[in-house]
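For reference, the structure discussed in these notes is given below.
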Amino acid sequence: MRFTGMAAIAASLLISGAAHAADGAQSGVISYSSAFFAEIGPNTALDMVQRLPGFTFDRGVAVRGLEGGGGNVLIDGEPVVSKNDTLDDLLRRMPAASVLRVDVIRGGAPGIDMRGRTVVANVVRKSQSGFHGALSATSWNIYDGRTMNGLRAEGQWRWDGKLLELSTVLGSGPDDLLGDGRRTRVTPGGLVLIRSQVDADAGGKRKYIVGAFETPLYGGRLKLNAAYMPNPYSAEIMDRLSIPGGREYEYDTQDKLQGEFGARYSRGFGAKSGLEAVFFQQWNNNDTKAHFESASVNRDFESDKKLTETVGRVLVRRTQSDRLALESYVEGAFNGLDSTTRFIQNGAKVALPAANVRVEEKRGEASVQATLALSPTLKVEGQIREETSTISSTGDLILEKSLSFLKPRIGVTWSPDTADQVRVRIEREVSQLNFDDYIASSSAASTGAVLAGNPDLSPQQSWVAEAAFEHRFWKSGAAILTLRHSELTDVIDRAPVYVKGVAIADAPGNIGNGTSDEVVASLAVPLQRFGLKAAQLKGQVTRRFTSVIDPATGRRREISNLHPVDWELHFNQDVPKLKTNWGIEIFAGGFRERAYRLSEIETKKVGTSIWVYAETRLRPDLLLRMEVQNLGERNAKRIREVYAGPRGTASLSYTDDRDLEFGRSFLIRIKKTL
């Protein structure tokens, strides 16, 4: 296998070169004190986490329950009990001055809930009493003349072992995947059906109130957190057609309201045992409306979706000896979805399968885990989880099914010296059923395609084998190469919906077995040896190879909506004489994803986004940040290959190519610390 770019550099550094690592590297925990970050001048805990050598921040994914979705950063040794208030926002509110140190934990450590991850970062806060606060104002000047503003206020009070945190945000921002550009629709023979200029604007608002409170209680510690987060969004797309003439117009809105409440109580029992109890409740209401009109068609799609989740979890830990740690948890959850959808075309109501449904899920999971240090350099972790659930739906489709899965996991961590570590994992993973797959999709308004829902799904399962090779060098440099192979069962993708033997639509479905292979290379290089003081270059690249049988054609293809390549690159440097930190951020690195539907293949391609920023301290309590965003004016393409019928039997009817460009934008933020 050949590696290029970042992968080649990472692979070469893993093979050769002497290295030095921080104390504790061989034991699996590397501590970075606040002094380590001093030369890069961080302002928040997020700045510190993003500059950790050999660590790539992951904010987590939206899953039901608490296991596996909370991101890869802990706060004071505990996962965050929040979902709508994201991990990056929480770290962004935490002043760097309040952080004592950041630990990178590789392969597990006693008393740490890794939530199934092999590497996590733990932000440890200072405990001194006092108040920290900040007020900030942002002005976002968009290339098309729009100006979007934002205000943020936050405060943190610590006294007598108690902690109170409050934050509020009021502001707006753009959707940089919609801009201005061209659109062309052509037949396979080259006949132009549509040629137009597109003018698209989209954006949303944030109106957040977030709070948390911690206090000692009955020999342990209680933490409460809550959030109330309205988040409206709108998009307007105008196509001015030169061929055949006229216009196409689309207007979409989403009124989204998120609320949550969480509680965690943790307590130690002696020096070796501990207990943690967690409760979490969230509410998500999403009212979506999409309107499309042209000379020949008028479509309206409406969806009212209400999602609730209630989760309880109890975890116990025991350090049996210096070599053996035990952990066990039980988790129960109740989830509900009420969805009502309506699709009207040219005044006539169009039937949508599973359009109006009530879905309920009762889910339980139990786990037993043991971590054994066979020697100072070799650690073994074993875990067995059992997941059971009952899912039922009423309304348009009446269905009930029970599911049960055993999920074993074994991991081995070998640290031959302070510079190198090898991590190997074999695990059976079971995906969660996405409630959005149960209901009809709002994209029907813009394309006319009926994207139905399907409550009769089984979770996707996989056996995963993974090996990670880590090498640390030059005190704060790190290179990591990860190889991952997955054997997939019951792959979830779009599948035809048949009525009396005729395919009339497509919906999420289990389409058979498949495979997935990933190569991930990450690299962090301090640049002092190259003449750049207090500077770091950090990047990561992921290459994916997936395969599954297409139910429409019977031929092998990639799995829908997975990016074959993702990469990112970050450079930052602190200039103490100017009291300035500046950098270049290359986000997402451009990506391509493809969705295979009954009578259409949709491909999305997004170009590389380059940001240049500088932060300057005008006074010790006054910070000015300036950003030039999207320096290269990246484009976002959507290519629709539409067939006259099902792809397996029908010929290509036309290809619709929309290429939109979102121009440069300028952001300025002033932040006053209190």
Side-chain angles (χ1 to χ4, degrees), residues 21-34 36-37 45-46 48-60 66-80 87 90-91 94 99-125 266 274 276 315 317-319 322-327 329 367 369-383 409-425 427 466-472 476 478-480 482 520 522 524:
D23 292 340
Q26 196 163 352
S27 66
V29 180
I30 304 177
S31 295
Y32 298 93
S33 68
S34 55
F36 173 86
F37 300 97
L46 182 61
M48 303 168 80
V49 167
Q50 289 177 331
R51 291 174 174 87
L52 287 169
F55 181 81
T56 300
F57 173 68
D58 180 2
R59 63 184 289 181
L66 299 174
E67 181 71 16
N72 62 353
V73 177
L74 311 178
I75 308 297
D76 295 328
E78 297 178 336
V80 176
L87 182 57
L90 190 152
L91 294 171
M94 193 179 298
V99 177
L100 178 66
R101 70 178 191 274
V102 183
D103 297 333
V104 176
I105 303 169
R106 307 174 300 160
I112 297 296
D113 185 1
M114 303 286 287
R115 293 282 175 96
R117 296 180 180 269
T118 56
V119 179
V120 299
N122 179 30
V123 177
V124 181
R125 294 178 292 183
S266 55
E276 177 182 286
L315 180 147
R317 299 187 183 94
R318 178 167 177 81
T319 303
D322 293 340
R323 300 176 58 190
L324 178 62
L326 304 174
E327 181 179 296
Y329 73 80
S367 167
Q369 177 179 313
T371 302
L372 176 63
L374 297 176
S375 72
T377 63
L378 187 62
K379 183 188 302 179
V380 178
E381 179 185 72
Q383 182 182 29
R409 176 180 183 269
I410 185 167
V412 178
T413 302
W414 179 46
S415 307
D417 51 51
T418 58
D420 299 287
Q421 188 176 81
V422 179
R423 298 183 291 271
V424 178
R425 169 177 72 100
E427 181 175 2
E466 176 185 281
F469 309 90
E470 179 174 344
H471 179 67
R472 294 181 174 267
S476 61
I480 304 174
T482 303
V520 184
S522 64

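Worth knowing before you read on, the calculation uses all heavy atoms, side chains too, and leaves out hydrogens, waters and symmetry mates.
Two residues are said to be in side-chain contact when any heavy atoms from C-beta on lie closer than 4.5 Å; D76 and V124 meet this criterion. Here the side chains of F57 and L91 are in contact, with some heavy-atom distance below 4.5 Å. Counting heavy atoms from C-beta outward, E427 and E466 have side chains that stay 4.5 Å or more apart. A 4.5 Å side-chain heavy-atom check between V102 and F55 finds every atom pair outside the cut-off.
A distance of 9.5 Å separates CD in Q369 from CG in L326, rounded to the nearest 0.5 Å. One finds the CE atom of M48 at 10.0 Å from the CZ atom of F36 (value rounded to the nearest 0.5 Å). The structure places CG of D420 at 12.0 Å from OG1 of T377, a figure rounded to the nearest 0.5 Å. Here the CD-CD distance, from Q383 to E381, works out to 6.5 Å after rounding to the nearest 0.5 Å. Here I480 contributes atom CD1 and R423 contributes atom CZ; the two are 5.5 Å apart, rounded to the nearest 0.5 Å. Distance OG1/T413 to CD/Q421: 5.5 Å, rounded to 0.5 Å.
Across all their heavy atoms, M94 and V123 have their closest contact at SD-CG1, 3.9 Å. P53 and A478 get closest at one heavy-atom pair: C-CB, 3.9 Å. Closest of all the heavy-atom pairs between N122 and I75 is OD1-C, 4.0 Å. T56 and S522 get closest at one heavy-atom pair: OG1-CB, 4.3 Å.
Counting only distance, with no hydrogens or angles, the side chain of D103 and the backbone of I105 share no donor-acceptor pair below 3.5 Å. The backbone N or O of V119 sits nowhere less than 3.5 Å from a side-chain atom of N72 that would complete a donor-acceptor pair. A donor-acceptor pair is defined here as one N or O able to donate and one able to accept, closer than 3.5 Å; such a pair exists between the side chain of R323 and the backbone of L374.
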